[in-house]
Amino acid sequence: DNMTQLVEAASSLPDVFLFIDEIHQVVPAFANNPISEVLKPALSSGRIRCIGATTGTDYARYLEKDSALLRRFQTILVKEPGDDETRLILAGVAPRLEAHFGLAIPEAMLERSLEAARRYLPMRRFPDKALDALDRACSRAAFAGEVVLTEARLSEAVKDMANMVAEAGIDHAAGMAGLEAAIRADIKGQDDAVAAVCEAVRVSKLKLGLHPARPDGAFLLTGPTGVGKTALAESLARALSGREDALFRIDMSEFSDAHTAARLLGAPPGYVGYDEAPLLTRAVATCAGGVLLLDELEKAHPQVHRLFLQILDAGRATDSTGRNLSFASITIVATCNVGSEAVPPIGFGADERARAAVPLAALKKAFPVELLNRFDAIVPFRALDRDDARLILRETVLARANRLLGTEYGLRLDFDEAALELLVDEGFSAEFGARNLHRAYRSLVSVPLASLPGGLSAGILDVGASDGRLSFTRRETGPEPVKP
């Protein structure tokens with residue numbers, strides 16, 4: 001009824017154009033409604049003049065199914081404007097933004113918003129993304145009481161929109177310089193691997209590579225289990241974005257069959273899962289500027305490996321709905337355990353060069369050579385030794401435990417050397433890596449703490465060791481050690 005009244009009102013005003021945004025919603029294929037049947041007679045008789053707008057994806061998915069409605073319109077493809085046209089649009093809108101927010105927008109900021117939007121918002125289109133960045137930056141500056149838009153405010157806007165550290169001229173100068181130190185604070189015993197990854201990420205993030213459309217670094221991390229491969233990806237995502245949600249993890253063991261490859265870019269029309277959002281589409285939308293983690297890549301089917309050839313090479317893919325996905329602002333990290341069982345033991349006289357070559361030989365048997373050739377770096381992780389385990393225990397496991405206990409109970413644990421050695425003795429494993437340290441902490445510390453008489457309360461517990469068990473003494477009152 002509302003549409004009928006609207007058509008009648010438009011018919012009575014010959015100089016009026018009826019504009020319908022998201023016009024694909026009027027066809028039965030979208031919502032099983034009769035609105036298009038009201039429009040068709042009015043359009044065919046020429047009683048109204050109408051302009052509709054929709055996206056290319058919705059046009060193909062819904063409007064093309066209603067040929068009777070479609071032939072009453074002339075289809076016009078509105079192309080994305082180039083840089084020159086976008087500059088003119090920004091220059092035309094800038095005076096209105098200045099008047100609205102009460103500040104001045106230097107001409108240089110218009111160019112910076114154009115460059116930042118082009119480089120770090122690849123999934124959005126001009127002029128919308130440049131205008132949005134400029135508008136958000138102006139609102140931040142006005143809220144702070146500033147009278148001139150600065151690069152700092154534009155940096156904040158870009159980071160908010162792209163979930164990432166902004167470009168070199170904005171604040172990569174500080175972020176990239178501290179990248180390696182930030183990751184080394186989380187990853188112990190793998191300095192060579194951290195240095196190799198950070199070096200390549202800096203080149204990509206600062207746009208110094210020869211192929212700017214490629215992902216911001218693509219790495220294959222290989223080595224034994226529990227040595228920090230997945231932890232490095234998590235730490236890298238936090239360092240690049242400053243957020244905990246900038247990592248999108250895909251467990252590649254779920255793609256061991258050929259048909260499961262459809263989950264990544266979407267199932268074809270008519271197949272189960274066609275209406276579900278493909279995993280890679282969700283990854284591009286949620287972790288731009290962050291890290292896409294392909295965990296245990298060797299367990300995926302060869303057809304899945306072939307799918308990533310184009311992504312790693314050109315940084316682009318097309319999902320089942322026809323949407324172009326850009327990975328230009330995403331760092332891709334793949335992990336695998338291939339060849340780790342063949343690494344010779346660490347000891348005096350061990351040939352480091354031979355140890356590094358063994359995983360590569362095994363990788364060539366597990367992956368297509370053309371896939372290996374598309375990674376920026378294949379980074380081997382070495383097996384952890386006892387000194388590494390002690391360092392990880394002290395600076396990672398126990399430090400994190402004390403943070404959590406402090407937040408929850410106001411409690412801190414102070415371990416003496418004997419207690420640390422007992423935890424290392426129980427937790428060090430060249431085969432299982434650092435994960436075994438967490439199991440040792442749970443059995444030797446967490447379980448006894450849960451059974452302490454009187455429960456947990458604020459203060460300091462001194463932790464010692466005797467007879468293969470840990471003892472806990474409250475420092476304030478100094479009672480006899482309590483053995484659970």
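Just so we're clear, the structure is a prediction, and the values are computed from it rather than from any experiment. For reference, positions follow the sequence shown, starting with 1.
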Compare every heavy atom of Ala233 with every heavy atom of Leu293, then report the nearest pair and how far apart it is. CD1-CB, 3.8 Å
Should we say atom CD of Glu107 is surrounded by more than 12 heavy atoms from elsewhere, each under 6.0 Å from it? no
Would you find a donor on one side and an acceptor on the other, under 3.5 Å apart, between the side chain of Ser443 and the backbone of Ala440? yes
Would you say the side-chain atoms of Asp319 pair up with the backbone N or O of Gly266, donor to acceptor, closer than 3.5 Å? no
Taking every heavy atom of Leu307 against every heavy atom of Ala261, the minimum-distance pair comes out as CD1-O, 4.2 Å
Under a 3.5 Å cutoff, is there a donor and acceptor pairing between the side chains of Asp216 and Thr331? no
Which atoms form the tightest heavy-atom contact between Tyr441 and Ala401, and what is the distance? OH-CB, 3.1 Å
Which residue pairs pass the ring pair (Phe, Tyr, Trp, His ring centres under 6.0 Å) test when at least one of the two sits in residues 294-317, sequence neighbours left out? His305-Phe367
Could you tell me if Ser457 and Arg474 have a donor-acceptor pair between their side chains, going purely by distance under 3.5 Å? yes
How far apart are the closest heavy atoms of Cys138 and Ile105, and which atoms are they? SG-CD1, 3.6 Å
Considering residues, nucleotides and ligands other than Asp192, do more than 12 of their heavy atoms fall under 6.0 Å from its CG? no
Check the pair Glu180, Arg184 against salt bridge (charged side-chain N to carboxylate O under 4.0 Å, His left out), reporting the backbone distance first and the verdict last. CA-CA 6 Å; Glu180 192 167 334; Arg184 283 186 176 180; 2.8 Å; yes
Any donor-acceptor pair under 3.5 Å linking the side chain of Asp186 with the backbone of Ser235? no
Kindly indicate whether the side chain of Arg316, heavy atoms from C-beta on, has any atom under 4.5 Å from the side chain of Ile311. no
Verdict with supporting geometry, Leu312 and Phe327, side-chain contact (heavy atoms from CB on, under 4.5 Å): CA-CA 9 Å; Leu312 296 178; Phe327 295 81; over 6 Å; no
Rounded to the nearest 0.5 angstrom, the OG-CG distance for Ser113 and Asp132 is 11.0 Å
Taken to the nearest 0.5 Å, the spacing of Leu398 CG from Ile392 CD1 works out to 11.5 Å
Sub-3.5 Å donor-acceptor pair from the side chain of Arg469 to the main-chain atoms of Ala465, do we have one? no
Could you check if a side-chain atom of Val291 sits within less than 4.5 angstrom of a side-chain atom of Ile330, using non-hydrogen atoms only? no
Taking Lys229 for its side chain and Gly223 for its backbone only, find out whether a donor-acceptor pair lies under 3.5 Å. yes
Please check: side-chain N/O of Thr407 versus main-chain N/O of Arg403, any donor-acceptor pairing under 3.5 Å? yes
Nearest heavy atoms of Val379 and Ala196, plus distance in Å: CG2-CB, 4.3 Å
Got Asp462 and Phe415 here, is their nearest side-chain heavy-atom distance under 4.5 Å? no
Is the shortest distance from a Lys or Arg side-chain nitrogen in Glu254 or Arg263 to a carboxylate oxygen in the other one below 4.0 Å? yes
Between Asp425 and Arg386, does at least one N-O distance fall below 4.0 Å, as a salt bridge requires? yes
For salt bridge (charged side-chain N to carboxylate O under 4.0 Å, His left out), just list the numbers for Arg249 and Asp295, CA-CA rounded to whole Å, side-chain angles, deciding distance to a tenth of an Å, and then say yes or no. CA-CA 7 Å; Arg249 178 173 177 170; Asp295 210 9; 2.5 Å; yes
In the structure I gave you, are the side-chain heavy atoms of Leu131 and Phe126 within less than 4.5 Å of one another anywhere? no
Looking only at the side chains, is there a donor atom on one of Thr225 and Asn337 sitting less than 3.5 Å from an acceptor on the other? no
Answer yes or no: are there more than 12 heavy-atom neighbours, outside Glu199 itself, under 6.0 Å from its atom CD? no
Just by distance, do the side chain of Asp385 and the backbone of Asp387 share a donor-acceptor pair under 3.5 Å? yes
Under a 3.5 Å distance rule, please check whether Asp257 uses its side chain to pair with a backbone N or O of His259 as donor and acceptor. no
Indicate yes or no for a side-chain donor-acceptor contact from Gln190 to the backbone of Arg382 under 3.5 Å, with no hydrogens or angles considered. yes
Value rounded to 0.5 Å, distance of NZ in Lys129 from OG1 in Thr86: 9.0 Å
Gap separating the CZ atom of Arg282 from the CG atom of Leu264, nearest 0.5 angstrom: 11.0 Å
OG of Ser139 to CD of Glu156: how many Å apart, nearest 0.5 Å? 10.0 Å
Distance in Å, Asp83 CG paired with Leu114 CG, rounded so as to fall on 0.5 Å steps: 5.0 Å
So Leu393 and Phe428, do their side chains get closer than 4.5 Å, heavy atoms only? no
Hey, is Glu417 close enough to Arg394 for a salt bridge, meaning N to O under 4.0 Å? yes
Ignoring hydrogens and angles, tell me if any N or O in the side chain of Asp376 forms a donor-acceptor pair with the backbone of Ala200 under 3.5 Å. no
After noting the C-alpha distance and the side-chain angles of Thr396 and Lys188, does the key distance pass the side-chain contact (heavy atoms from CB on, under 4.5 Å) rule? CA-CA 8 Å; Thr396 302; Lys188 308 298 181 181; 4.0 Å; yes
To check you understand the geometry: which heavy-atom pair defines the closest contact between Met252 and Val304, and what is its length? CE-CG1, 3.6 Å
For the CZ atom on Arg400, are there more than 12 heavy atoms of other groups (residues, nucleotides or ligands in this structure) within a distance under 6.0 Å? no
Give a yes-or-no answer on whether the side chains of Thr318 and Asn324 include a donor-acceptor pair shorter than 3.5 Å. yes
